[in-house]
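Down below is the structure, laid out as structure tokens.
Model, not experiment: these values are computed from the prediction. Chain A is the first sequence line, chain B the second, and so forth, proteins listed ahead of strands; every chain is numbered from 1.
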There are 2 protein chains.
Amino acid sequence: MKPQRKTRIQQKNSQAILDAALEVFSRHGYRGSTLDQIANEAGLSKPNLIYYFPSKEVIHVTLLSDMLETWLAPLHSLDPAGDPIEEILGYVRQKLEMSRSRPRESRLFANEVLQGAPRIMEAIKGELRDLVDEKTAVIQSWIDEGKIAPLDPKHLLFSIWATTQHYADFDVQVSAVLGSGGNDHFPEAEAFLVDFYRRALTPA
Amino acid sequence: MKPQRKTRIQQKNSQAILDAALEVFSRHGYRGSTLDQIANEAGLSKPNLIYYFPSKEVIHVTLLSDMLETWLAPLHSLDPAGDPIEEILGYVRQKLEMSRSRPRESRLFANEVLQGAPRIMEAIKGELRDLVDEKTAVIQSWIDEGKIAPLDPKHLLFSIWATTQHYADFDVQVSAVLGSGGNDHFPEAEAFLVDFYRRALTPA
DNA sequence: GTCTATATTAAGATAGAC
DNA sequence: GTCTATCTTAATATAGAC
């Protein structure tokens with residue numbers, strides 16, 4: 001047998017570690033998380049965990065890098081040739097869907113930015129900022145053509161990030177305020193946000 | 001001299017500790033913060049800090065309790081007898097002003113909720129939820145009278161919390177994306193949010 | 001009221017047997 | 001590849017001198 005880059009068991013364990021680390025880091029932040037918790041969650045011993053990743057920091061950076069592409073994908077897909085209002089509403093829907101399907105990634109990112117983004121500032125000032133510049137230019141052109149209301153495009157994006165990620169990052173507060181047990185609040189959140197943004201964006 | 005409840009020096013040191021703790025907890029979360037950091041920031045020795053507060057947890061809970069009243073004040077002041085749109089826009093302005101003047105409190109709260117709100121869930125399910133129920137009933141009555149657009153009142157509040165607190169909690173990302181050095185982005189944030197909510201809330 | 005010194009626990013990481 | 005045992009450092013907290 002030729003040597004493989006990773007055996008099946010290594011693939012499985014690496015994945016289990018990253019999944020466990022996402023669970024722990026997303027709730028407790030970097031410094032609030034321990035290798036013991038991660039190893040426990042992954043069903044591995046602490047030294048075995050260190051066999052796969054050389055340090056706590058490497059696990060954290062791996063998670064952040066892995067998620068970045070996924071995180072930016074919805075904004076990438078904003079189509080300059082599409083219908084302006086529907087494009088933006090589609091972006092809102094996709095971002096909310098990310099909060100629904102990947103709440104841990106959202107909280108991981110929120111924790112990192114709250115703490116001053118020490119491990120991800122480079123990407124924020126690079127990739128993210130470039131993409132925002134590109135897409136806000138598109139939104140500005142829609143405004144100039146009178147196709148959507150004249151609202152500052154960058155602050156419009158901030159509002160979309162804030163309102164959609166809120167349902168992942170502040171989930172315990174949302175559930176506590178809405179009551180009604182373990183209900184899924186995303187359908188009514190989507191109905192609200194789509195209606196809300198359509199009203200705000202439709203030109204007078 | 002009669003004994004005082006607290007000498008002047010005790011008042012000063014207690015305050016210095018709480019201020020330092022707010023600085024540290026708001027950036028690193030509960031478990032990510034250390035008494036060393038707090039003592040250092042307060043200009044006191046670690047044992048001296050423990051002389052004033054019996055434990056790390058007590059300091060944290062004190063901060064959370066102290067801020068809660070301040071935090072809910074803007075929503076308390078929403079006046080059922082006022083002009084509906086102006087009342088809600090006033091609430092948006094007050095919440096944004098809180099993000100500007102008290103970003104550390106905002107981040108402290110965000111950290112706590114992100115981590116599942118272990119130390120504040122009681123207040124969220126009690127005081128906060130009761131107040132939200134009271135004020136969303138007011139907003140619903142405005143909707144029923146056709147004075148504002150028919151948008152789910154609770155999700156409307158979530159959106160206001162999310163968009164205004166975003167400028168405190170994600171400040172490093174906002175600054176990185178907007179660029180332009182150490183500029184104060186709050187004036188343009190206020191202009192955006194007021195315009196945005198006025199459009200969304202004005203009945204068709 | 002404040003300090004130095006230290007007890008105690010837990011965290012990140014390593015050594016070496018199997 | 002995985003484990004037990006352990007090293008090292010740092011964290012919360014306490015004891016006791018001043």
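- Under 4.0 angstrom from either OP1 or OP2 of dA13(D) there lies no side-chain N or O belonging to Tyr51(B).
- Residue pairs meeting the side-chain hydrogen bond (donor to acceptor under 3.5 Å, both in side chains) criterion with at least one partner in residues 129-144 of chain B, sequence neighbours excluded, are Asp133(B)-Lys154(B), Gln140(B)-Asp144(B).
- Among residue pairs with one or both ends in residues 29-50 of chain B, those qualifying as ring pair (Phe, Tyr, Trp, His ring centres under 6.0 Å) are Phe25(B)-Tyr30(B), Tyr30(B)-His60(B); sequence neighbours excluded.
- Aromatic ring centroids of Phe192(B) and Phe186(B) lie 6.0 Å or more apart.
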For this session: Applying side chain to side chain contact (heavy atoms under 4.5 Å, CB included), run through Glu41(A) and Ile17(A) and close with a yes or a no.
Result: CA-CA 8 Å; Glu41(A) 182 86 23; Ile17(A) 290 168; over 6 Å; no

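- A salt bridge does not link Glu23(A) with Arg107(A): none of the charged nitrogens is closer than 4.0 Å to a carboxylate oxygen.
- Residue His60(B) contributes atom NE2, which lies 13 Å from atom P of dT12(D) at whole-angstrom precision.
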Problem set entry | Chi angles and distances behind the salt bridge (charged side-chain N to carboxylate O under 4.0 Å, His left out) call for Arg100(A), Asp184(A) | CA-CA 9 Å; Arg100(A) 195 195 61 74; Asp184(A) 177 6; 5.7 Å; no

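- Taking 4.0 angstrom as the limit, Asn48(A) places none of its side-chain polar atoms (N or O) nearer than this to OP1 or OP2 of dT4(D).
- As rounded to whole Å, 9 Å separates atom P of dT2(C) from atom CD1 of Ile17(B).
- Residue contacts for Leu44(B): at a heavy-atom cut-off of 4.0 Å it reaches no nucleic acid atom on any strand shown.
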Exercise. When every nucleotide of nucleotides 4-15 of chain C is labelled 5' to 3' by its protein contacts under 4.0 Å (heavy atoms), B for base, S for sugar-phosphate only, - for none, what sequence of letters results?
Worked result: BB-----SBBB-

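- Note: CD1 (Ile38(B)) to P (dA13(D)) measures 10 Å, nearest angstrom.
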